[in-house]
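Let me begin by presenting the structure, written as structure tokens, before commenting on it.
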Amino acid sequence: IIITCFIKWIVRHTFEIQKYIGGNVMKNFRFSLKRYEFSLRLIVLAVCAAIAVNLFYIPESNTVNAEDTELRGIWVATVANLDYPSAATTDAWTLRTELDQVLDNCQDMGFNTVFFQVRPSGDALYKSSVYPWSRYLTGTQGVAPSDDFDPLEYAVNEAHKRGMQLHAWINPYRVTNSSADNDRLAANNPAVLRPDLVLTDSTGKMYLNPGEADSIEIILEGIREIVRNYDVDGIHMDDYFYPSSGFDDSAAYYKYQDAYPNKADWRRSMVNTLIACANEAVKEIKPGCMFGVSPSGIWANASNTPGGSNTNGSSSYHSLYADTKYWVESEFVDYIMPQLYWYIGQNNADYNTLVNWWAGVCAPTNVKLYIGEAAYKAASGADSAWKGQNGINELRTHVAMGRQSQYVGGYCMFNYSSFMDSSSLYSMMKDLNSQWVSAPTLGVNTVPTATEAPAQIPEPDPTAAPAAD
């Protein structure tokens, strides 16, 4: 239709056009149009068909090739008893029964990987020589469950029985999740034993100081004991690094200021050191054990940082001093799982924009890209864009897009309780995961000998800042 109308217009206005381009030129042009009219129609038809496919085709979101693997992860949070246990108790039977229920439901929804939070706040949901038992588990920090029950050991064994991986999720620096917890710390808490390593933010929460080498060593030893003592499939960190505001680390910075005139560069370098050393610590003990991080979704905004994404939101690079892009480029992690808790088309932080940005960062490396998804927003419905069926459709589309992308290897849903609170979300996951696939692995089975030296903390190395803070 377009080509035919164009030709008729040319014929109808031949006299006027000849005035400007000459008779012979116009005569040849008209002849060419008539001669190639059919070919031009075919070209336009093909272009229109391609546009229609891109506009209206929605891929089958529950289809995965049989030979593929896909990370189908779910976060099970223990901080503030978000997911487990429902209430703190020392009773081993209750703790065991609730874990069984959690793992049964995860399996029923088709998840193949559970990220189980075992260090929510300077504590442990396992037998540790570094950290005290968590008060979120038993009600009092330092008090163990009855009957020698070890939740991490039980969770690993039971997850594997169900064909799922289990990754130990730790929060590296956080000591307390509320200032009210500051006087509830056990005597063997690292923050009590080493008060010189503690930072307090403007809200009164306590952290191990990321700028102190001894803080890094405590965190690394906590990682080593997990990998040595438990058959975990991975060590996982979330998005909490430096406090976002209101802390004084001038004493620690004083020791490094000659090498780092810019304090922000120094802070990022110290976090870089933790990430690099954590990966080394894991691999030296168990090369097949994965190490990855789930940072906040925006590394930096292009408006103030070269190489950043076309977004306008809080960034890990500037707010938390976490140079997540550098970790990928340096392959300090086996995977990166940015928390893209936004919807498609959202102002300031569009989901598509961020998926494509992270795909571009990961593509030249061996680092896998998985996407952290905001199931909790669909469950709460507080935002109209996520309310009711909108949230269901949004998550379905995200998963479908990931499965169509050669750069995205899977997803992880936050959090477990969201699915317990919404039967629609639960049913959605069963449908999305109706075809079972295995979780990705590193494919490494060799274990180093006991004579190998443990990981050492390297001297901090400056990381060039693309923009001043």
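Because only heavy atoms are used, hydrogens play no part in the values below, and waters and symmetry mates are left out as well, while side chains stay in.
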* **Partner residues of Tyr242 under the ring-ring contact (aromatic ring centres under 6.0 Å, His included) criterion, sequence neighbours left out** => Phe247, Tyr321

* Quick one: side chain to side chain donor-acceptor pair (under 3.5 Å) partners of Ser202, sequence neighbours excluded? -> none

* Asked: Side-chain contact, heavy-atom cut-off 4.5 Å: Val293 with Thr324?
  -> no

* Ala168 versus Ile226, closest heavy-atom pair with distance -> CB-CG2, 3.9 Å

* Asked: Can you find a side-chain donor-acceptor pair between Asp238 and Trp169 that sits under 3.5 Å?
  -> yes

* Asked: Which residues satisfy the side chain to side chain contact (heavy atoms under 4.5 Å, CB included) test with Arg96, sequence neighbours excluded?
  -> Ala92, Asp100, Phe149, Tyr154

* Is there side-chain contact between Leu197 and Ile218, with at least one heavy-atom pair below 4.5 Å? -> yes

* Asked: Are Arg194 and Glu217 ion-paired here, with the side-chain N under 4.0 Å from a carboxylate O?
  -> no

* To do: Please name all residues satisfying side chain to side chain contact (heavy atoms under 4.5 Å, CB included) with Ser380, sequence neighbours left out, ordered by chain then number.
  => Ala382

* Asked: Between Gln165 and His167, do the side chains contain an N or O donor and an N or O acceptor separated by less than 3.5 Å?
  -> yes

* Asked: Tell me the salt bridge (charged side-chain N to carboxylate O under 4.0 Å, His left out) pairs involving residues 132-142, sequence neighbours left out?
  -> Arg135-Asp181

* Are the side chains of Asp108 and Lys430 in touch, meaning some heavy atoms are under 4.5 Å apart? -> yes

* Could you tell me whether Lys368 atom NZ has more than 12 heavy atoms of other residues or ligands within 6.0 Å of it? => no

* Mind checking whether Tyr126 and Tyr230 have parallel, tilted or perpendicular rings, split at 30° and 60°? -> perpendicular

* Indicate whether the side chain of Trp357 and that of Asn310 have a donor and an acceptor atom separated by less than 3.5 Å. => no

* **Ion pair Asp68/Arg403, N-O distance below 4.0 Å** => no

* Does one side chain, of Ser303 or Asn301, offer a donor that lies under 3.5 Å from an acceptor on the other? -> no

* **Minimum side-chain heavy-atom gap Phe116-Thr78 below 4.5 Å** => yes

* Over 12 non-hydrogen atoms of neighbours within 6.0 angstrom of OH in Tyr407 -> no

* Locate the shortest heavy-atom distance separating Asn177 from Lys205; write the atom from each residue and the value. => O-CE, 3.2 Å

* Report yes if the side chains of Ile298 and Leu354 come closer than 4.5 Å at any heavy-atom pair, otherwise no. => yes

* Asked: Which residues pass the side chain to side chain contact (heavy atoms under 4.5 Å, CB included) test with Ser179, sequence neighbours left out?
  -> Asn182

* To do: Kindly write out the residues that satisfy side chain to side chain contact (heavy atoms under 4.5 Å, CB included) with Val198, not counting sequence neighbours, or none if the list is empty.
  => Ala191, Thr200, Met206

* To do: Would you kindly say whether Asn105 and Tyr416 are connected by a side-chain donor-acceptor distance under 3.5 Å?
  => yes

* Side-chain donor-acceptor contact under 3.5 Å, Gln141 with Ser134 -> no

* Asked: Got a sec, which residues hit salt bridge (charged side-chain N to carboxylate O under 4.0 Å, His left out) with Asp104, two or more places apart in sequence or on another chain?
  -> Arg162

* To do: Verify whether the ring centers belonging to Phe419 and Tyr376 lie closer than 6.0 Å.
  => no

* Within-4.5 Å side-chain heavy-atom neighbours: Leu199 and Leu208 -> no

* Asked: Is the shortest distance from a Lys or Arg side-chain nitrogen in Glu280 or Arg224 to a carboxylate oxygen in the other one below 4.0 Å?
  -> no

* Structure fact -> With sequence neighbours left out, the residues meeting side chain to side chain donor-acceptor pair (under 3.5 Å) with Tyr84 are none

* Asked: Taking the six-membered ring of Tyr317, is NZ or CZ of Arg268 closer than 6.0 Å to its centre and within 45° of its axis?
  -> yes

* **Distance-only polar pair, side chains of Ser314 and Ser319, donor-acceptor under 3.5 Å** => yes

* Which heavy atom of Phe414 sits nearest a heavy atom of Ala77, and at what distance? -> CE1-CB, 4.5 Å

* Set of salt bridge (charged side-chain N to carboxylate O under 4.0 Å, His left out) partners for Arg119, sequence neighbours left out -> none

Check: residues 338-345 side-chain donor-acceptor pairs under 3.5 Å, at least two apart:
residue, atom, partner, partner atom, Å
Gln339, NE2, Asp239, OD1, 3.4
Gln339, NE2, Ser294, O, 3.0
Gln339, NE2, Ser294, OG, 3.3

* Asked: Which residues pass the salt bridge (charged side-chain N to carboxylate O under 4.0 Å, His left out) test with Glu329, sequence neighbours left out?
  -> Lys325

